[in-house]
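Working notes, beginning with the structure itself.
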Amino acid sequence: MRTYPIEKYRNIGIIAHIDAGKTTTTERFLFYTGITHKIGDIDEGTTVMDWMVQERERGITITAAATTSFWTPMGLPKTKEQVFISSRNKENEYRINIIDTPGHIDFTAEVQRSLRVLDGAVVIFDGVAGVEPQTETVWRQADKFNIPRICFINKLDRLGASFEKSLESIEQKLSPNVVPLQIPSGIENELEGVIDLLEMKVLKFEGDMGERVKEEEIPAHLLAQAKAWREKMVEKIVAEDEEMLGKYLEKKEVTIEDLRKTLRKAVLSYKLIPVFCGASLKNMGIQPLLDAVCYYLPSPKDLRPVKGTDPKTGEEIQRKADDKEPFSAIVFKVAADPYVGTLTYFRVYSGSLTKGSYLLNTTTGERERIGRILRMHANLREEISEIFAGDIAATIGLKATSTGHTLCDESNPIVLEKIIFPEPVISIRIEPKTKTDQEKMGLSLRKLAEEDPTFKMKTDLETGEIIISGMGELHLEVITDRMKREFKVEANVGRPQVAYKETIKKLAEGEGKYIHQSGGRGQYGHVWLRVEPREQGKGFEFINEIKGGIIPREFIPAVEKGVKEAVDKGVVAGYPIVDLSVALYDGSFHEVDSSEFAFKIAGSMAFQAAAKRAKPVLLEPIMKLEVIVPGDFFGDVIGDLSARRGRIDETKDRINMKVIDARIPLAEMFGYATAVRSLTEGRGVFTMEFDHYEEVPANIAQEIIEGKRR
């Protein structure tokens with residue numbers, strides 16, 4: 001039996017650049033909603049949401065953590081006790097499922113998979129820095145999934161904070177459709193609270209933990225400023241509704257309730273983005289932000305029905321967020337839990353599910369039994385017997401289900417849209433220290449790869465070494481650390497290496513003929529292939545153009561397999577070839593001697609011959625870099641970036657610091673953290689994220705091919 005109506009559900013994510021205050025804000029959410037009785041502290045390593053050892057040691061979020069909380073907006077009657085119990089049904093209470101996501105670019109997959117299943121997002125900004133590189137990345141990811149969002153300008157108590165400048169950077173870099181609903185009362189160390197522009201009151205946060213919200217009149221020296229901001233806010237909101245616009249132009253009263261309703265509609269259709277402000281660490285502005293989540297962000301019912309395809313016919317199907325619809329859910333995360341085994345997190349889009357039921361995994365075609373249903377609270381689990389449309393839950397013991405798979409009602413199959421993850425850009429070689437470690441290593445790496453779609457492992461066929469690949473040095477450092485701590489595997493780790501790729505630049509053809517006689521039945525395979533470059537990011541495509549049975553149909557998959565193997569090995573320096581189409585258009589066969597094996601080898605030979613004629617080149621990952629340094633060291637840092645083949649895009653001032661935006665090859669960035677510290681007397685910081693692949697200059701490509709460059 002459902003205890004909360006679906007209209008009172010909010011599935012939200014907290015997203016931002018690293019260190020903008022996501023986890024600090026989430027910890028306040030949990031405290032004010034009564035889930036925790038003490039606010040967790042990142043510096044002390046006592047946060048609820050950053051529960052992994054690696055997260056607490058580094059003071060950053062590595063894995064997305066989910067939790068459920070309950071909130072009654074401040075304008076409505078409140079209940080005194082707010083605790084983590086599922087069997088409650090409070091008239092005015094909202095149920096908020098929160099996912100706290102990482103800000104570090106190495107863990108971007110965690111953000112991507114969380115956004116895929118969320119209905120709304122709270123984007124947090126550093127009030128000193130404004131829009132930062134990773135904020136742009138997560139904002140674009142949210143755009144991709146059309147997620148309604150609200151903004152929170154945090155850290156306005158810090159030296160150099162500016163609400164206006166932060167707002168301006170959001171308008172210029174992200175969206176001009178932002179509408180401030182609050183402005184700060186005071187700034188930096190004089191920040192006293194926030195001014196609510198709808199109610200035209202100052203909100204102050206009193207008590208040891210800011211738990212008491214006190215309304216006061218706006219002081220005289222801020223009144224004119226507040227009125228001007230309110231005027232702009234009202235104009236932006238009423239412009240979204242013709243009837244209200246008419247009222248406003250006729251100077252008739254526009255009520256707060258009308259403004260809220262119109263704003264909610266505009267937020268849901270992604271026409272407006274409300275902006276709030278405060279200082280999470282000083283416990284200012286969090287309760288109004290929770291109210292805003294309830295007032296403006298969508299419930300599952302407010303969104304369009306989820307689309308999928310029929311696995312048999314390929315036709316499009318829709319599922320409404322309704323308990324009476326057939327069950328459908330998407331798996332967005334798989335985690336290895338040392339106590340219970342594999343935890344599978346999923347979001348329910350339609351229907352309901354009781355424990356003990358069977359579901360169909362339409363991605364693999366396997367049948368899965370849901371033995372237990374868990375509501376997650378970071379790393380704590382609560383057993384529940386039933387879940388409904390709009391819920392986020394986890395289960396244990398699924399055998400053939402991983403991230404991106406669809407689980408649904410067996411008699412009403414549907415395949416929901418998959419989650420697409422970026423390719424790894426950096427690799428390291430890893431070898432076990434002892435024979436015992438060797439056996440355990442394979443198992444532990446497989447488990448970690450199941451958990452993280454951006455982590456890949458393969459064995460080098462020539463040397464027998466294991467190569468692991470990920471999104472950055474920190475990503476691989478965390479993986480090897482987890483392997484040692486969680487799976488007790490000791491290993492020797494090599495130096496990081498860049499994940500180069502190859503591609504072709506022109507159209508070419510090639511022939512592959514494999515003829516082998518050895519006394520008995522021989523081998524015969526003969527193919528002609530045409531290779532052609534494709535646009536960047538389009539990937540590999542195999543086209544069968546054989547007509548009239550020149551090559552029997554049963555040998556075509558073998559040719560494709562041979563081509564794929566050759567594509568993985570490359571032709572320039574042994575790196576995989578990307579973004580090309582391969583067409584099989586001619587060949588011949590022998591009635592007796594032809595076999596799948598012969599055609600597979602012929603396909604591989606033909607591809608290599610064609611690719612070598614198609615002007616093959618090496619590609620390297622180019623990173624987007626932001627370096628923040630004191631002005632005194634600006635010239636040294638610019639000189640160092642130029643020496644590393646960096647291209648400076650823009651330089652700007654931020655208080656008394658210089659900000660450098662650049663594009664730079666990943667190969668030149670190993671050890672940069674040490675270099676930037678020594679150049680700036682330890683005062684410079686940088687953030688880096690993958691941007692695109694680009695052709696390697698000829699002289700450097702030659703060094704890579706000859707193995708002179710590591």
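Throughout, numbering of the chain's residues begins at 1 and tracks the sequence. Keep in mind the model is a prediction, meaning the values are calculated, not measured. When reading the values below, keep in mind they use all heavy atoms of this one structure, side chains included, and skip hydrogens, waters and symmetry mates.
Residues Tyr270 and Asp143 bring a donor and an acceptor atom of their side chains to less than 3.5 Å of each other. With 3.5 Å as the limit, one finds no donor-acceptor pair spanning the side chains of Tyr358 and Glu410.
At least one side-chain heavy atom of Ile153 sits under 4.5 Å from a side-chain heavy atom of Val275. Between Ile286 and Phe31, every side-chain heavy-atom pair lies at or beyond the 4.5 Å cut-off.
Around NZ of Lys236, the count of heavy atoms belonging to other residues, nucleotides or ligands within 6.0 Å exceeds 12. When the shell of 6.0 Å around NZ of Lys173 is examined, it contains more than 12 heavy atoms from other residues, nucleotides or ligands. With a 6.0 Å radius and a threshold of 12 heavy atoms from other residues, nucleotides or ligands, Glu253 has its CD atom at or below the threshold. The number of heavy atoms from other shown groups lying within 6.0 Å of CZ (Arg140) is above 12.
For Phe152 against Ser280, the heavy-atom pair with the smallest separation is CE2-OG, 3.5 Å. Nearest heavy atoms, Ser385 versus Ile373: O-CD1, 3.9 Å. Here the shortest heavy-atom pairing between Cys277 and Gln182 reads N-OE1, 3.0 Å. Smallest separation of non-hydrogen atoms from Arg230 and Leu197: NE-O, 2.6 Å. Taking each heavy atom of Asn154 and Thr25 in turn, the nearest pair found is ND2-OG1, 4.3 Å. The two residues Ile414 and Cys408 make their nearest non-hydrogen contact at N-SG, 3.6 Å.
How far NZ of Lys22 is from CD1 of Ile14: 10.0 Å, rounded to the nearest 0.5 Å. Distance check: Arg28 CZ to Thr26 OG1 gives 10.0 Å after rounding to the nearest 0.5 Å. A distance of 10.0 Å separates OG1 in Thr362 from CG in Leu359, rounded to the nearest 0.5 Å. Expressed to the nearest 0.5 Å, how far CG of Leu289 lies from CZ of Phe276 amounts to 7.0 Å. The structure places CD1 of Ile330 at 9.5 Å from NE2 of His405, a figure rounded to the nearest 0.5 Å. The CG atom of Leu398 lies 8.5 Å from the CG atom of Asn361; values are rounded to the nearest 0.5 Å.
Note that Arg260 lies in the cation-pi zone of Tyr295, set by a 6.0 Å cut-off to the ring centre and a 45° limit from the axis. At least one cation-pi condition fails for Arg116 and Phe332: the charged atom is not both under 6.0 angstrom from the six-membered ring centre and inside a 45 degree cone around its axis. In this structure, Arg347 forms no cation-pi arrangement with Tyr345, as its terminal cationic atom is not both closer than 6.0 Å to the ring centre and no more than 45° off the ring axis.
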### Message
Test side chain to side chain contact (heavy atoms under 4.5 Å, CB included) on Arg264 and Asp302; report intermediate values, then the result.
### Response
CA-CA 11 Å; Arg264 176 174 172 75; Asp302 293 317; 2.5 Å; yes
### Task
Evaluate the criterion side chain to side chain contact (heavy atoms under 4.5 Å, CB included) for residue pair Glu136 and Val131; output intermediate values, then yes/no.
CA-CA 7 Å; Glu136 286 190 63; Val131 174; 3.7 Å; yes
### Message
Please evaluate residues Phe346 and Val117 with respect to the criterion side chain to side chain contact (heavy atoms under 4.5 Å, CB included), reporting the C-alpha separation (whole Å), side-chain torsions for both, the decisive distance (0.1 Å), and the verdict.
### Response
CA-CA 8 Å; Phe346 58 96; Val117 298; over 6 Å; no
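Between Glu240 and Lys265, no side-chain nitrogen of the basic residue sits less than 4.0 Å from a carboxylate oxygen of the acidic one, so the salt-bridge criterion is not met. Between Glu383 and Arg372 there is a salt bridge, with a side-chain nitrogen of the basic residue lying less than 4.0 Å from a carboxylate oxygen of the acidic one. No salt bridge links Asp241 with Lys261; every basic N to acidic carboxylate O contact stays at or beyond 4.0 Å. Arg534 and Glu541 are joined by a salt bridge, as a carboxylate oxygen and a charged side-chain nitrogen come within less than 4.0 angstrom of each other. Using a cut-off of 4.0 Å between Lys/Arg side-chain N and Asp/Glu carboxylate O, Lys564 and Glu560 are scored as salt-bridged.
Within the structure, every pair that satisfies the side-chain hydrogen bond (donor to acceptor under 3.5 Å, both in side chains) test and touches residues 321-331, not counting sequence neighbours, is listed here: Arg2-Asp323, Ser328-Ser350.
Between Trp139 and Phe125, the ring planes are tilted. Angles from 30° to 60° get that label.
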